[in-house]
Structures are given as structure tokens and as C-alpha cells.
Amino acid sequence: MAATRSVPAAGSAPDVQDGALPPGPAASRPLQTARWIFRPGAMLEDCRRRYGDMFTLRITHEGTWVFVSHPDAIKQVFTGDPRVLHAGEANVVLLPVLGHHSVLLLDEAAHMSQRKLMLPSFHGERMRGYEETMAEVARAEIERCPLGQPHPVRPAMQRITLEVILRTVFGVQDDTRRARLRDALGAAFEWGARPRRMAMMAALGPRRVDERGLFRRVLDPADELIYEEILGHRDAPDLAERDDVLSLLLQARHDDGRPMTDEELRDELMTLLVAGHETTASSLAWALERLVRHPDKLERLRDGEDEYLDAVCKETLRLRPILALVLRRLTEPMEIGGRVLPAGVNVAPCIYLVHRRPDVYPEPLAFRPERFLEQPAGTYTWIPFGGGVRRCLGASFALFEMKVVLRELVGRLDLRVTDPRPERITRRAITLVPERGGTVVAERRAA
Ligand code: HEM
């Protein structure tokens, strides 16, 4: 029986018994993959209409995905045994960039060990220490904002979030070094985000891309600078007083007393950068895209009430989640949503669909931050950061940064929109971003 088969190697397509899986589109794997790449939102909505809370998609090099969008099933996945639900294995597509030590790519004991080292650096209370840096970086970008003409905000948001990570996570204090690192990283990410390269890498599969070092030529200059930074930090006489994440990680110890190796540190820094900067930038772009189309909400935000600011961020992440799903690969058969799913499938708690459930969120398509003042966000119904032992390590960091940056932006700029139609949700690598980058017209606000 397929259910008892051993787990196939990560990155290959597991062959699971069809009968055991929930229904799904009959189209061929390449056709399903193309639709998933170009029209993810429409495809998910269609499938839910046709097949309900659980359905199956087949994606090239990703094997079989079983989507779940009922809160009870999501709870089962997030509270299930991490030995059975492998997330690292399901994220293997990121291997060539993040490296073998990345917390995102590990599972079970190795994952827990890395995660435990990193968690204290991202504790909610610690974020306050970064507030002034975040605000300062936002203010500098606002100074450069083009006035009186429509322009997309996402690139500016990305400059802000990258600068914030380089200062608070990498702890790069020197302006010239930061500029060099910014350029090297920018070049590497642009290289990888080109659709043709993505298609080529999808065709090869992540392990072969890694083995052949296809990313090396563009990654090497950035890696060199990162290793220099690690070395510089290690030797710093004031290491114990520094509050950047790299300094904290250098002082952290595994359970056996071992410090992190340089390779581990490099891979985790790259992970934090990749997981943290575009995601937060795109969330900020979506927040502005929604707010300019709801001037009453924008006005209320200006009143400065912290709870409302928090609600605006939560509502943005609900209605425009940056990732449509999270993945867990089953290492053993597991009962989810009343079905025993076989080993080898990827279970996908669907952020996009659970956030649009009318039984949880009345008028689900309306942008209404007030709903989060009336009702707190549910652990298994508001999941922009995933959940369980894999929940986003940077969730507090991201929410805090969104709040600080939004406060600066709406306090200093008048923002309006030229085209009142909502921007379409489009894909950038694996993230969902506004089609026109969150285009606004900005004017300086009278003091
Ligand atoms: C709005 C911004 C962000 C969004 C929407 C987001 C979303 C996510 C999601 C959905 C996951 C997978 C969770 C799961 O599998 O259950 C994740 C994991 C992760 N995120 Fe974020 N993230 C954001 C910002 C950040 C930031 C700022 C950082 C760090 C600076 C970060 C670091 C990580 C790490 C390290 C993981 C892996 C956790 C693990 O596997 O144990 N993220 N994030």
C-alpha cells in the first residue's frame, strides 16, 4: 500500500496512490504548474469552489500538494508531530541560496537546535531596541520620495527593509560596507528572480542547481562580504554589548555547548535576509495599496491609535498574505480532515483560502481593520506567518517594522491613488505582490 511506502528523496516527485488523495483538477502536471505560477489566486478559489476544503494539486518538481483550509485541519497540521510533518524538506527549493544549515531547510532535532538558538534574538520585547533605527531608515527614504507623480512604493519599501536587516540583523555599522553588501545581494536576487532563470531552475530541480553551483557566480561576492562581517564581529571587543542579531548568534551555544560555525552563521543570515526583507516590503506595499483606496481608514490611522495601526497590519496580512501556503511533507501516513493521507505528499495549510473564509471573516473580501479590534486574530484562522514549531521566527520583527514604517509614512506624506481599481495580485518568485507595486501619488504633509 502506498501509505506505508518509504519517503522519497526530497526534491523528487513522490508517487502516491491516487485513491487516497482528495479530489483535484484532472489537467496534466505541467498545465497545473503553469496555472499555479500565473494565476495562483484564481486557481485556489476555483478549486475550493469545486472540491471544498481539501483538494490536490500536482506541481512540477514539488510532488503532490494537498491543500487544507478548514481551521480544524490546519490545527492538526500545526500541532502535529514534527517528525511526521517535515517543513524543511518541503522548502528544498531554497537550498541553492540558503545553504544546508538554514533553519528553513532543516527538520526534527537539527531544526529545533538551530531554531532554539535563534528564537531569543527575535523575542517581541527585543524589537523595541530596533525602533529608532527602523524609523530613521524610513525617514531617510521618505526624504527621497518622488512627490506629485504616480510611482510604485514597493522598491522603496524594499530599500527600507533591506537597510533595516543589514543594520539590525547583520549589524553592519559602516556605511561603505553596507553599500557593498547591498549591491552584491541586490545583484544576486535580481539574477534569481528573472522568470527565465526561475523556469530553468524549476526544470533542473534545486538539488542539481545546488550541486552544479549555478548560483555560485552571483552569490560568491555577497558571501565573501558576509564572511568578512562574521569575522569582524567575532573579533569585536564590544561583542557582548552589541544588540544586532549576528552578535547575539555569535554568543549563542547549542545544547552541547558548541558555538555556531561560520557556515551556520552565513546560512542563517542569508535565511533571515531572504525570509525577511521582501516579505515585509511587499506587506508594506500592500498596506499602502489598500489604505489609499480606503481614505477613511487612512485618516483613522493618522489619529495615532496603536491598536488601530496593529489592526491595519493584521488586516493587510489577512487579505493580502505574502505567501499563499506553507508546506509540510508527510514522512508517515497521517489522518487530516477525516482522510488518511499517504507518506510523501506535501500537506499545504492554505493561508490564502483560510483568510477568505466567510464563516470566520464576514465580508471576507472587504478591507476592514476594525474586525481585529472586535475579535482577536485566531491561531489557526490568521496564519500569515504559518504556525506551530515552524511559525515564522521574524513575525514580531515584521509586524513591529510594518508599524514603525507605516507610522512614519502616513504621518509625513499625503497619499492618494490615481487609479481607484484594486491592484491585481501577482507573483514575484514565491511571493504574492501588487501588480503595479502599490502605485501612489505622494505629497509632503503640512507640518
Ligand atoms: C510580513 C513579513 C513576513 C511574512 C509574511 C513571513 C512569513 C513566513 C512564513 C509563512 C513562514 C513559514 C512558516 C511555516 O512553515 O509554518 C516563515 C518562516 C520563517 N520566517 Fe518569516 N515572514 C515574514 C518576515 C520575516 C522576517 C522579518 C524574518 C527575519 C528577520 C523572518 C524569518 C523567518 C524564518 C527564519 C523562518 C523559518 C522558521 C522555521 O522554519 O522554524 N520572516 N515566515
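In listed order, ligands and their atoms are each counted from 1. Computed from a prediction, not measured in an experiment: that's the story for all the values here.
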Please list the nearest protein heavy atom to [atom] with its residue and the distance rounded to 0.1 Å.
| atom | value |
| --- | --- |
| atom 6 (C) of ligand 1 | Phe385 CD2, 3.6 Å |
| atom 8 (C) of ligand 1 | Cys392 CB, 3.7 Å |
| atom 28 (C) of ligand 1 | Gly394 CA, 3.5 Å |
| atom 12 (C) of ligand 1 | Val326 CG1, 3.8 Å |
| atom 32 (C) of ligand 1 | Ala275 CB, 3.6 Å |
| atom 26 (C) of ligand 1 | Gly276 CA, 3.3 Å |
| atom 1 (C) of ligand 1 | Ser283 OG, 3.2 Å |
| atom 35 (C) of ligand 1 | Leu393 CD1, 3.6 Å |

Crowded around [X] [atom1]? As in, over 12 foreign heavy atoms under 6.0 Å?
| X | atom1 | value |
| --- | --- | --- |
| Asp303 | CG | yes |
| Glu224 | CD | no |
| Arg83 | CZ | no |
| Glu335 | CD | yes |

If we only consider heavy atoms of [X], is any one of them less than 4.0 Å away from an atom in ligand 1?
| X | answer |
| --- | --- |
| Pro384 | yes |
| Gln114 | no |
| Val169 | no |

Measure the acute angle between the ring planes of Phe78 and Tyr380, then classify it against the limits of 30° and 60° as parallel, tilted or perpendicular. tilted
Would you call the rings of Phe55 and Tyr51 parallel, tilted or perpendicular, taking 30° and 60° as the class edges? tilted
Please could you name the atoms of ligand 1 that [X] approaches to less than 4.0 Å, counting only its heavy atoms?
| X | value |
| --- | --- |
| Phe122 | 30 (C) |
| Leu323 | 9 (C), 10 (C) |
| Ala398 | 1 (C), 2 (C), 24 (C) |
| Arg115 | 38 (C), 39 (C), 41 (O) |
| Gly386 | 10 (C), 13 (C), 14 (C), 16 (O) |

Under a 4.0 Å heavy-atom limit, does [X] contact ligand 1 with its side chain, its backbone, both, or neither?
| X | answer |
| --- | --- |
| Thr280 | both |
| Leu327 | neither |
| Phe397 | side chain |
| Arg328 | side chain |
| Arg390 | both |
| His111 | side chain |

Centre of Trp36's six-membered ring, under 6.0 Å away, within 45 degrees of the axis: is that where NZ or CZ of Arg427 sits?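 Yes, a cation-pi geometry holds between Arg427 and Trp36.
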Identify whether NZ of Lys or CZ of Arg in Arg35 sits under 6.0 Å from the centre of the six-membered ring of Phe38 and within 45° of that ring's axis. no
So if I apply the side-chain contact (heavy atoms from CB on, under 4.5 Å) rule between Phe367 and each of Arg293, Arg320, Arg318, His294, which one comes out positive?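 The passing option is His294.
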Mind checking whether [X] has an N or O less than 3.5 Å away from an N or O of ligand 1?
| X | result |
| --- | --- |
| Thr279 | no |
| Thr271 | no |
| Gly387 | yes |

Evaluate the criterion side chain to side chain donor-acceptor pair (under 3.5 Å) for residue pair Glu370 and Tyr308; output intermediate values, then yes/no. CA-CA 8 Å; Glu370 290 74 8; Tyr308 196 68; 2.8 Å; yes
Main-chain N/O of Phe397 paired to Arg126 side chain as donor or acceptor, under 3.5 Å: no
Has His70 got a side-chain atom pairing as donor or acceptor with Asp72's backbone, closer than 3.5 angstrom? yes
Would a 4.5 Å heavy-atom cut-off, applied to side chains only, mark Asp255 and Lys116 as touching?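 A side-chain contact exists here, since the closest heavy-atom pair is under 4.5 Å.
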Quick check: closest heavy atoms across Ser283 and Ile322, and the distance to 0.1 Å? OG-CG1, 3.1 Å
Would Gln375 and Arg371 count as a side chain to side chain donor-acceptor pair (under 3.5 Å) if you check the C-alpha gap in whole Å, the side-chain angles of each, and the deciding distance to 0.1 Å? CA-CA 6 Å; Gln375 215 182 324; Arg371 64 174 93 238; over 6 Å; no
